[in-house]
Amino acid sequence: MTQDTRRSAEAAARSSYGRLLALLAVSARDLAAAEDALAEAFVAALRSWPEKGVPDNPEAWLLTVAQREVGRVRRHGGVRAAAAATLETLYRESAERTDSLPDRRLALLFVCAHPAIDEAIRTPLMLQTVLGLDAARIADAFLVAPTTMSQRLVRAKNKIRATGIRFAEPGPEDLPGRLEAVLDAIYAAYGAGWDALPGAEGEIAGFTSEAIFLARLLVNLLPAAPEAKGLLALMLYCEARAPARRGAEGGFVPLAEQDPARWSREAIVEAEALLREAAQAKQFGRYQCEAAIQSLHVQRGITGRGHWHALLALYDLLAERAPSLGALVAGAAVRAEAGQPVAALAALDALPAKRVEHYQPYWVTRTHILSRLGLDSLEARTKALSLTRDPAVRAHLEVR
Amino acid sequence: MQYMLIFAESEIDFAKRDDPAEAPAYWGAWNAYISAMRSAGVIVSGEGLQPPHTATTVRLRNGERLVHDGPYADSKEALGGFFVIEARDLDGALEWAAQSPAALYGSVEVRPTLPPPPEAA
């Protein structure tokens, strides 16, 4: 199989898994039971298909078997006849309409990012349930032991079942708050992939594409939500530049020195279009703001024009909406580029020492601004180097 | 499903109950809340509780009965009352919890009640 064929096969499997699990979980209102039943259905398929041939509609086949399994386990446990009845209805419905299964993955995304679920487990829960990734792989990217990750996932699923969290899309009135949690969890998946990127190969580096898959799914399922488009655009801008982050010998290449010819044109065009569509809703938000910032960075690479003041205005907006440490430090870096290095240094000084102590971008930015001002930057540089794990980035900092 | 809404209030809130200036607003808010739940038909049971200083706690240790003055845990907020309600799901229960006066100034813990034990086969 070529790389592309393998990728599209993976995407199809992933899409199918999430769809089936969402349907099962929504009807059973129990993620863990739905997962077990789906696993049973896959086992049954491995037994039956080689003998009897692949059914006309494999998804409907898997769904039917899994639904019977949920029903069987339910009856065995002697619980909730009502849920069994719902299942029966669904079973009949799906048997009648085997050609198109409804997509309930949006409800599943919202369950995973429910405010009653611990924030730290929302992203892993999405990766496992919507994309079918195994706990060990997720554990790797989140730097915890596989058993720990499995336990946390099980605990979260138990809470979903025990507390009876609603398996439905939230209504219009609570959509904004709930959507933000879904977006944040998807972005965290992207971050987990991106942070692992330097030096990491293969498996771990893969979460960026998983996050993009989820964001794309969200844009399709909620076409009226501009922030979903903003998030997808933001990640596409970053992805577009990923190939240019490494030089010919694997060395780190900072944004300002990247060769725009190595950026993915396709990703940039898609991102620009998404950002324009999002703007039409006239509901500005954090992710559109971050995407707009990336858009300007990309334009600078192509046209050579800095747009520093526009960038600064966007960073100020971002600091109001989502004052993350990353946004504040990047804002200070842009302020220095916009010809206000003294104010930029003051902005860095204003950040609490405890928060920035181990934050590498802070020390890199500080080094840069201090040397620009002709001030002693040795201490900041030493600190920045001590916090840099990626050898390519270290080499880059040392040369400077 | 059934959920217990557990209302936690601070000392200041408990004091409002008997303060001539505050009591009408305090009880008015609770009465409005309770009648909204009653007309929706969601209440299974519920009680308000007297303030924590009326509490007495009992423990049995090594066959000895230890009785002491005060609630089981000393904290800023104390149990002020509870309702067991019928709701379709957690989100429905949270909706009722959020409408309570305690959500505004104290906090409301929402917990599903234990389902009846499985019948012996």
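Sequence lines set the chain letters: A, B, ... in the order given, protein chains first and strands last, and positions in each chain run from 1. This one's a predicted model, so the numbers in the text were calculated from it and none came from an experiment.
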Under 3.5 Å donor-acceptor pairs involving side-chain atoms of residues 218-229 of chain A, not counting sequence neighbours:
{"from": "A:Asn220", "atom 1": "ND2", "to": "A:Arg216", "atom 2": "O", "distance (Å)": "3.4"}
{"from": "A:Glu227", "atom 1": "OE1", "to": "A:Gln288", "atom 2": "N", "distance (Å)": "3.0"}
{"from": "A:Glu227", "atom 1": "OE1", "to": "A:Gln288", "atom 2": "NE2", "distance (Å)": "3.0"}
{"from": "A:Glu227", "atom 1": "OE2", "to": "A:Arg286", "atom 2": "N", "distance (Å)": "3.0"}
{"from": "A:Glu227", "atom 1": "OE2", "to": "A:Tyr287", "atom 2": "N", "distance (Å)": "2.8"}
{"from": "A:Lys229", "atom 1": "NZ", "to": "A:Pro223", "atom 2": "O", "distance (Å)": "2.7"}

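Counting heavy atoms from C-beta on, the side chains of A:Lys159 and B:Leu90 never come closer than 4.5 Å. Looking at A:Thr163 and B:Arg111, their side chains never come closer than 4.5 Å, going by heavy atoms from C-beta outward.
Nearest heavy atoms, A:Ala162 versus B:Pro112: O-CG, 3.3 Å.
Annotation: B:Gln2, atom CD; neighbour count of heavy atoms from other residues, nucleotides and ligands within 6.0 Å is above 12. Applying the 6.0 Å contact sphere to CD of A:Glu119 captures no more than 12 heavy atoms from other residues, nucleotides or ligands. Atom OH of B:Tyr72 is surrounded by 12 or fewer heavy atoms from other residues, nucleotides or ligands within 6.0 Å. Around CD of B:Glu11, the count of heavy atoms belonging to other residues, nucleotides or ligands within 6.0 Å does not exceed 12. For A:Leu325, the CG atom sits in a packed shell: over 12 heavy atoms of surrounding residues, nucleotides or ligands are nearer than 6.0 Å.
If you measure heavy-atom distances from B:Leu114 to chain A, you find no contacts under 4.5 Å at all.
Among residue pairs with one or both ends in residues 43-61 of chain B, none qualify as salt bridge (charged side-chain N to carboxylate O under 4.0 Å, His left out); sequence neighbours excluded.
For B:Tyr3, the ring pair (Phe, Tyr, Trp, His ring centres under 6.0 Å) test picks out no residue, with sequence neighbours left out.
The stretch residues 166-178 of chain A places A:Arg166, A:Arg178 near chain B, each with some heavy atom under 4.5 Å from a heavy atom of that chain.
To the nearest 0.5 angstrom, B:Asp91 atom CG is 7.0 Å from A:Ile165 atom CD1.
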